[in-house]
Structure formats: C-alpha cells, structure tokens
Amino acid sequence: MEKKLTLADLAKILEQYDVVELEDITIKGEVELELGSSAGLALPPALAQALQSLMGAREMPGAFEAKRIEALLPATFKVAKAEWTGEIEEVTLGATSADGGTRERTVTIGGEKSLPFYNFDAQMPYPPVISVDCFDMPIPLAKAVREYYGDVMEDPGEWAKKNVREFGADMVTIHLISTDPTIKDTPARAAAKTVEEVLQAVKVPIVIGGSGNPDKDPEVLEAAAEAAEGERCLIASANLNMDYERIAKAALKHGHVILSWTQLDINAQKTLNRYLFKLGVPREDIVIDPTTAALGYGLDYAFTNIERMRISALKGDTDLAFPISCGITNAWGAREAWMKDSPGKEDSDWGPAAYRGLMYEIITGLTLGLAGGDMFMMMHPNAASTVKKVTQTLFGAKVKEDKAKKVAIEDWVTWDAEVGASKK
Amino acid sequence: MKLSSPMEIWKYLPGTNCGECGEKTCLAFASHLKERSTRLEECTPLFEDEKYADKGKQLAELLAPEIREIEIGVGARAAKIGGEDVMYRHELTFYNRTALAYDVWDTMEEGELRERVSRITNWRKFYVGEFLTLDAIAVRSVSGDAQTFAACVKAVAEETDLPLVLCSFDAKVLEEGLKVVPDKNPLLYAADKTNWKEVLELVKSYKVPVTLFSPDLDMLNSLALTFSSAGVEDIVLDPGVSPAGEGLADTFSKFVRVRRVGIEEGDKEVAYPLMSVPMTAWMIHGDALDASYWEAVLAAMGIIKYADIMILHSIEPHSLIAERTLVENIYTDPRRPVSVEPGLREVGTPTGHSPLFLTTNFALTYYTVESDLNSNKIDSYLIVVDSEGIGVEAAVAGEQLTAERIKETLESYEAENKVEHKTLVIPGLAARLSGETEDVTSWNVLVGPRDSGRIPGWMDDNWPPK
Ligand code: SF4
C-alpha cells in the first residue's frame with residue numbers, strides 16, 4: 001500500500017525536531033510527499049526513520065495519527081571524557097626497613113587525575129584507605145562502639161593491634177588526647193612513649209594525633225615525631241591557630257608526613273599550605289584535612305568544601321592538589337548516632353541507637369569519599385569495613401565472588417520480601 | 001539554562017523597569033532569573049502585552065533547566081523531580097531534591113499493607129526548623145495478577161495522599177492499576193525494550209509520567225528518543241542499579257555519564273530525571289540488617305550522584321533518618337545563609353526565674369536548641385551570640401565564641417533585666433569558657449549538657465541553681 005503524508009503532517013513532525021528548513025527541497029501548495037525510496041532527501045537518520053514509521057503507521061486517511069511508532073528509533077549513547085589539567089600529589093605513608101623504618105607495608109594515596117571513582121575519565125590510581133582510631137586513655141564512647149573496644153581501652157598498644165588484626169585496618173591512628181592540660185596534661189615525653197608502644201604493637205603505617213589543644217600540641221607532636229624517627233607517620237596536625245612551624249619542622253627533621261588542617265575554609269587551606277611550602281616541606285609530605293562535619297550537622301559544608309578543593313586542584317590549583325584526609329569518627333557527635341530516643345516529642349520513632357550510629361558513620365564516610373576524600377579515620381569496625389567495601393568496589397578492585405552477577409536487576413519489581421531476606 | 005549572564009536575559013525583557021515583578025529594574029529581575037530565585041511569570045507584561053509575546057516565549061525556552069522537570073502525584077504532596085542545571089551543587093544549587101519512594105507490594109496482607117502505607121505517609125523528623133517527610137510510595141506487582149494489583153493500588157490510594165509509582169513490566173497489570181487512580185498522576189514503572197509499545201499506548205491515553213528502563217545506554221537512549229518523538233515528554237530514565245561488584249562501579253559511571261550528557265553537553269535526548277533503585281541490595285543479602293545498610297550505601301551514591309527519584313525497601317528508622325537527612329544536606333541551597341540573627345529569644349512564657357541558655361547563631365545549632373527547649377516545654381530565655389555562623393565547638397576553637405563576646409551579648413540585649421538569678425547556662429561544648437566568662441561578666445555560669453537534647457535531664461539535677 002502506498003503511504004502518504006500531507007504537508008501539514010510533515011510540518012508538525014519537523015517542528016518536533018526543531019527543523020525549520022529543509023535544504024534542497026521546495027514544497028508548494030497542498031502536495032503529497034512520497035518517502036518510500038526518495039534517496040535524494042537529506043534528512044537526519046532518526047528523523048527519516050520517524051517519518052518512515054509514521055507513514056507505516058498511518059491507517060485512517062485524513063486524521064493525523066502522528067504518535068504511533070512501530071519500531072524503536074535507533075540511538076547511540078555518546079559521552080565525552082572530562083579532561084583535567086591538574087593532578088593530585090601522590091603521598092606514601094609508612095616506611096619499611098628498605099627506607100629506614102620498621103613498617104611491614106606502606107600505603108600510598110592520591111595521584112588522581114579525575115574526580116573520585118570517575119574511572120571512565122581516568123582510572124583512579126589508589127583506592128582510599130582507612131585508618132582506625134585508638135586513644136591513649138579510656139574515653140567516653142557510644143555504647144555501639146564501646147562494645148568492640150571495652151577490653152583494650154586501657155592499653156593503646158593492644159587497642160592498635162585489635163584494629164589491625166580483628167578489624168583489618170589499613171592504618172591506625174593514635175590520638176594523644178590525654179596530653180590536653182584540661183584532661184590529664186600527660187607530659188610530651190610520656191606521650192612519645194605511647195607512640196613507641198603503638199609502633200611496636202603494629203606493623204602498619206600510623207597516624208599520630210595530638211589532643212587538639214593549640215598550645216600543647218606543638219610540644220607533644222614534636223616529641224612524638226622524634227620518637228617515631230624514620231617511620232613516615234602522618235603527623236596530625238598543623239593548623240593556623242598554633243605554632244605550626246614547630247610541628248612542620250619536627251615532621252621534616254624526623255621523616256614524617258604532615259597533615260595540614262583547616263576549618264571549612266578553602267582560602268585558609270591554601271594559605272596554610274603555602275606557609276608549609278615556605279618552610280621547605282616537600283609536596284609529597286603533605287596531606288590536607290579540610291574538616292569533616294557529620295551527616296545532619298554540616299555535612300553539606302564539608303562535602304562542598306572538599307568537592308570544590310578537589311575540582312580546583314584538578315583544574316590546576318597546585319596549592320590544593322593534595323590527598324584529603326577525613327575524620328569520619330566525627331559522625332558520632334551527631335545526636336542521632338548515640339541518643340536513645342529523639343528529644344523532640346513530635347518525631348517518628350528513632351529506633352535503636354546502635355543501628356543509627358553505624359549508619360551515620362557509614363554515610364558520612366561514603367559522602368566525603370564521593371567528594372574527594374582519600375583517607376578516612378574511622379571508629380566502628382563495621383562502618384570501616386562497609387566504607388572500605390564500597391570504596392573498593394567503586395575503585396574497581398577485583399572481587400572473589402560477584403553476587404550481583406547472579407541476579408537480574410529488574411527482578412526487584414517481583415522480589416518477595418517474605419522469602420528474600422530474613423524478617424526482623 | 002542556555003543564557004549565561006543577567007545581561008543576556010535582560011535583552012529579552014521589556015526593559016521598561018515598570019516594577020510589576022517586584023524588582024526595581026528589569027536587570028535586577030534578570031539576575032534573579034539567572035539565580036533561579038524567581039519565576040519568569042512574575043514579569044506580567046511579558047505575557048500580557050502582545051508585542052512581547054515572542055520574546056517571552058523564546059526566553060521561557062532559553063531559561064528552561066537542562067534536565068526536564070516533571071511532576072508526579074497531585075495536590076499538596078505532589079513531587080517535582082529533575083529540573084537540574086548543574087553537575088556540582090556549589091555552581092548554583094541542586095534544585096528538586098531526590099524523591100524517596102518506599103515500597104509496598106500486592107501480596108501483602110491488607111492490614112499490614114495499610115499499616116506500612118500509613119507509616120511511610122506519616123513519618124517525620126524535625127530538622128533545622130522544619131519536619132522532614134518522605135515523598136512517594138512504590139506499589140510493586142509481585143503476584144503478576146492484574147486484579148490483585150488493582151486491589152492493592154486501591155487500598156494504598158485510600159490510605160495516602162503521597163504520589164504513587166506503579167511497578168510492573170506487564171502493561172496489562174499497569175493498566176488495571178492506572179484505572180484505579182486515573183487522576184492521581186502516578187509514575188509508571190516501566191517501559192523496556194520488550195513492552196514499550198503497550199506502555200507507550202497507556203501513557204498516551206492516561207497522560208501520566210513514565211519510567212524507561214534499560215541497563216544498555218544505547219537502548220535507554222533509543223527508548224527515550226522513541227517516546228519523545230511520540231510526544232511523550234514526562235519521562236524518567238532508569239539505567240538499572242546493580243547492587244555490588246563490577247556492576248555497581250558500572251552503575252555509578254552510568255548515572256554520572258547520562259547526567260553529564262544532559263547538562264554539560266546539552267543533549268536533549270537523555271536530559272530527563274534519573275531513577276535509582278537501591279532496593280536491589282535486598283536481592284543479594286540474606287540478613288535484613290545487612291541489607292538495610294547496603295541499601296543506604298546505594299541510596300547515598302544515588303542522592304549525591306544524580307538520582308532524582310529512588311525506590312527503597314527498608315522503612316526502619318535508621319534507614320529513613322539517614323537517607324532523608326542526606327537528601328536534605330545535598331539539596332540544601334548552598335547560598336542559603338548559615339546563620340540566624342543574634343539576640344535574646346523567649347521560649348514558651350518565661351519569667352524572671354526561668355533559666356537563660358546560651359547558644360551560637362549557626363542556624364543548625366540554634367534551631368536544634370530552640371526545638372529541644374520548645375518540644376520539652378521548657379519556659380526559658382535563649383541568648384544567641386554572634387559566632388559568625390559557626391557552631392559551638394568550632395567557634396570555641398576558632399575564638400568566634402569568647403568570654404568577651406558573651407559579655408557584649410549579655411549587655412547589648414539587656415539580659416540582666418530579664419532574669420533575677422543572674423545565672424547563665426553555657427553549652428557543655430563551651431565548658432572551657434566557664435571560668436573566664438564568670439570573671440569578665442560577673443554572672444554565675446553553669447555548664448549545661450554537651451547536647452541540648454539532654455537539657456530536660458540536666459534541669460532535673462541543676463535547676464533552680466542552689
Ligand atoms: S515586570 Fe518585567 S518589565 Fe517590569 S520591571 Fe520587572 S522585568 Fe522589567
């Protein structure tokens with residue numbers, strides 16, 4: 001049967017394609033156009049196909065049934081790669097005996113040439129790493145976390161060991177919080193001994209954290225850096241409110257990496273980094289901590305601050321082109337992470353606090369990983385392992401058994417909750 | 001949006017500075033349009049005066065967001081999705097927050113079904129001055145039977161005013177469901193490479209939005225092109241969520257790339273809202289708690305990287321609180337001020353013997369404290385110090401909250417005239433300021449709890465002061 005299309009029909013279709021003019025075709029008056037084998041017609045293939053289909057679909061003469069299509073219009077999905085000019089510095093933590101340390105392995109972070117996990121632009125060179133926290137004294141912990149550490153809280157060495165042996169930590173962070181004059185005012189010398197104990201207890205690279213007291217930290221971190229000579233620890237941290245120069249020099253002298261910490265302020269981060277350059281700190285000895293805020297408690301600022309820094313760095317701002325460390329343990333400061341019930345009487349039930357805390361730490365970690373975090377300091381072993389699993393997956397690490405390959409993903413529509421997963 | 005500056009927008013406006021839009025000049029109005037902080041319709045002359053009609057029409061097209069905005073459901077709880085213009089929230093803001101749809105299914109026992117629907121519909125959590133709620137209900141056809149599905153949809157619709165997503169790959173099942181709620185503008189899930197013809201017919205006769213599903217992006221593109229060529233524009237694209245392994249990395253890449261084509265490359269063929277289905281996590285986990293965590297992980301990826309609507313299964317509180325809070329964080333307008341006005345506020349009906357609490361002017365902190373006092377019916381005064389919009393702990397460390405500044409605040413808002421006890425309760429996180437504050441202000445200083453949620457218990461032990 002001969003398919004015919006009136007000029008009015010054609011005009012309507014062309015409108016859909018934003019075509020205002022057809023080259024080499026003049027149409028006058030109320031003509032009919034035959035498309036069957038009109039080779040001379042320079043139409044875009046999709047349009048030609050649409051016209052074909054439309055004509056094929058026409059059954060009732062007169063009334064225009066434009067919307068009936070018999071075959072899918074072919075299309076190819078094409079997307080360009082993002083090209084960045086900048087590259088993040090590669091930083092190695094820990095030193096083995098070959099490099100004058102006693103670590104059994106080292107950890108390298110950074111080196112990105114694309115946004116996190118955008119392997120379709122450029123393969124991420126190293127997956128993010130997780131450093132599990134321990135403290136130099138028993139501290140108040142949410143119940144959900146205490147359960148795991150109750151037996152080792154008196155002994156930082158044992159605590160560190162547990163983090164590695166039982167919880168698979170890539171690294172361990174020792175927080176010397178007892179040195180704070182308002183806590184125990186532990187002398188710097190004693191703190192340095194704690195660091196030695198931790199270095200004895202574990203063979204992974206470590207992070208040495210102060211108490212956060214700006215007056216005491218320089219002295220404490222200096223002593224700790226000396227005690228850990230040659231181990232290439234991450235010294236946490238230098239910031240603008242304190243004698244960062246003393247800390248940076250100690251790190252430099254004793255062969256460590258410095259954590260440059262600022263509070264949600266991109267310009268302050270650039271300033272502090274430049275000060276560190278001036279002091280002669282090599283680029284491969286700097287990691288930055290732009291500050292982590294918990295889910296619901298400023299995570300939006302932390303996310304955007306880190307994302308902006310990473311994008312600036314990839315665009316070529318070398319002041320910011322460093323691996324990023326995130327203190328994910330901060331998530332436990334959110335009341336939802338630990339409080340038994342909602343203090344607000346009008347909220348729906350909050351459910352068990354233990355479930356929430358773990359969730360808050362996981363989501364805070366993953367969110368900042370997607371913003372550009374390279375290293376996560378974490379607390380709950382299951383949060384650490386979950387964040388590790390998802391970041392490894394996105395990084396593209398090979399897995400032994402890919403369970404997802406066995407399921408047809410559209411089957412969620414008919415998935416039976418009764419038999420699918422054990423009901424609570 | 002295709003125009004890159006207020007000047008370019010201004011060229012299309014009448015240029016009379018008539019003030020109808022509420023702005024003094026057309027250029028001021030143009031800046032608001034550029035920031036998407038007003039609507040074009042506010043410029044009434046553009047639409048009422050014949051001579052501007054062409055420009056008005058052109059401008060409306062040029063201002064349209066890169067990603068099509070569509071609406072699902074009807075009435076007060078209808079949800080807008082899509083309408084995005086940027087890849088990164090700091091470039092402007094993300095616009096319509098990810099709609100969270102939680103599932104029910106047609107093999108549920110009716111009592112349980114109604115209970116679950118009502119839990120989803122009525123769930124709420126207070127956050128920064130308002131209640132967060134959920135956005136939609138996805139009704140799944142597990143039975144595969146059209147009548148069973150229709151009965152389920154009917155029960156759900158009776159129980160909720162939330163938008164619905166009707167889920168089945170069988171067009172006949174979908175149609176029976178649609179017949180029950182023809183005026184509720186539900187989102188259909190889904191047309192794919194096998195059923196697309198039947199679903200297309202349905203969408204055309206019922207005029208409802210539709211989801212197109214294909215993990216193969218060429219096929220997804222082809223489906224989108226076919227539907228739009230047929231005059232269907234309310235489209236949502238589901239590239240599929242593989243719950244683990246290589247498939248998950250691939251899923252992540254698809255969401256980013258499809259959105260990139262829509263926004264950065266301005267290609268209209270796939271510039272539609274995206275759907276993510278984190279509930280696929282349930283198909284690979286035997287344990288419900290494990291599944292709920294992994295589902296939240298997939299949800300977080302989707303919320304951050306470009307899902308405009310998602311379908312989830314766990315309605316346990318730990319899931320809902322975390323998922324909905326993350327949506328709020330990512331979709332909050334980053335240009336919104338982070339601080340509230342400093343001052344002396346009254347909570348309830350305080351007297352000279354009521355406690356005086358201190359907090360900072362960081363909006364999040366302020367609203368949290370205020371709501372804790374309010375919801376526990378604690379008549380009190382709340383003095384808000386200008387900490388430059390920084391929270392208590394950070395402001396103490398950064399010296400935006402100091403004894404001196406507390407003194408100035410007490411004086412400038414004449415706190416002395418409000419309370420007779422001359423006692424100030426400072427946050428537990430500012431404990432280290434207590435001594436110095438007593439010294440410089442000559443007020444008695446009590447250290448409150450570290451979290452204002454504990455004020456009620458703290459009051460039992462510490463108020464009135466001895
Ligand atoms: S209403 Fe329109 S014409 Fe009048 S000032 Fe505003 S933008 Fe200009």
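Below, chain A is the first sequence line, B the second, and so on; all start at residue 1.
Neither the backbone nor the side chain of B/Thr251 has a heavy atom closer than 4.5 Å to any heavy atom of chain A. Neither the backbone nor the side chain of B/Thr365 comes within contact range of chain A; no heavy atoms are under 4.5 Å apart. In this structure, the portions of B/Val258 lying under 4.5 Å from any heavy atom of chain A include both its backbone and its side chain. Both the backbone and the side chain of B/Leu223 come within contact range of chain A, with heavy atoms under 4.5 Å apart. Heavy-atom distances place the side chain of B/Pro215, and not its backbone, under 4.5 Å from chain A. Interface residue B/Trp123: backbone and side-chain heavy atoms are both found under 4.5 Å from chain A. Interface remark: B/Ser242 contributes backbone and side-chain atoms alike to the contact with chain A (heavy atom separation under 4.5 Å). Heavy-atom distances place the side chain of B/Ile304, and not its backbone, under 4.5 Å from chain A. Contacts between B/Tyr331 and chain A at a heavy-atom distance below 4.5 Å are absent for every atom of the residue. For A/Lys400, no part lies near chain B; criterion is any non-hydrogen pair under 4.5 Å. The part of A/Ile363 that comes within reach of chain B is its side chain, from C-beta onward, which places non-hydrogen atoms under 4.5 angstrom from that chain. Residue B/Tyr127 touches chain A through its side chain alone, counting heavy-atom pairs closer than 4.5 Å. Interface remark: B/Met301 contributes backbone and side-chain atoms alike to the contact with chain A (heavy atom separation under 4.5 Å). Within the 4.5 angstrom heavy-atom criterion, atoms from both the backbone and the side chain of A/Ala82 approach chain B. Looking at B/Asn122, the atoms closer than 4.5 Å to chain A (heavy atoms on both sides) all sit in the backbone: N, CA, C or O. In this structure, no portion of B/Pro334 lies under 4.5 Å from any heavy atom of chain A. Of the atoms belonging to B/Phe213, it is side-chain heavy atoms, and not backbone ones, that fall under 4.5 Å from chain A.
Contact check for A/Leu295 versus B/Leu326: side-chain heavy atoms found under the 4.5 Å cut-off. When side chains are defined from C-beta on, B/His318 does not count as touching A/Pro352, because their heavy atoms never get closer than 4.5 Å. B/Asn376 has its side chain within reach of A/Lys345: a pair of non-hydrogen atoms, C-beta onward, lies under 4.5 Å apart. You'll find the side chain of A/Tyr355 stays beyond 4.5 Å of the side chain of B/Glu316, heavy atoms only. Residues B/Ile303 and A/Thr367 form no side-chain contact, since every pair of their non-hydrogen atoms from C-beta on lies 4.5 Å or further apart. In this structure the side chain of B/Ile321 reaches within 4.5 angstrom of the side chain of A/Arg356, judged on heavy atoms. Counting only heavy atoms from C-beta outward, the side chains of A/Asp347 and B/Phe131 approach each other to under 4.5 Å. Taking the side chain as every heavy atom from C-beta outward, A/Val390 and B/Trp294 approach each other to under 4.5 Å.
Nearest heavy-atom pair, A/Asp402 versus B/Gly247, reported as atom, atom and distance to 0.1 Å: OD2-N, 4.5 Å. Closest approach of A/Leu366 to B/Val297, counting heavy atoms only: CD2-O, 3.5 Å. The two residues A/Trp412 and B/Met283 make their nearest non-hydrogen contact at N-SD, 3.6 Å. Pairing each heavy atom of A/Val79 with each of B/Arg260, the nearest pair is CG2-CD, 3.8 Å. Counting all heavy atoms, side chain and backbone alike, A/Ala80 lies closest to B/Glu265 at N-OE2, 2.8 Å. Smallest separation of non-hydrogen atoms from B/Ser375 and A/Pro343: OG-O, 3.2 Å.
Ring geometry, A/Phe120 versus B/Phe252: the interplanar angle falls from 30° to 60°, so the pair is classed tilted. Between B/Trp282 and A/Trp415, the ring-plane angle classifies as tilted under the 30° and 60° cut-offs. Classified by interplanar angle (parallel below 30°, tilted 30° to 60°, perpendicular above 60°), the ring pair A/Tyr301/B/Phe362 is tilted.
A donor-acceptor contact under 3.5 angstrom links the side chains of A/Arg335 and B/Ser452, judged on distance only.
B/Glu246 has a carboxylate O that lies under 4.0 Å from a charged side-chain N of A/Lys405, or vice versa, which qualifies the two as a salt bridge.
A distance of 4.5 Å separates NZ in B/Lys197 from CD in A/Glu70, rounded to the nearest 0.5 Å.
A donor-acceptor distance shorter than 3.5 angstrom exists from the side chain of B/Asp218 to the backbone of A/Phe77, with no hydrogens or angles considered.
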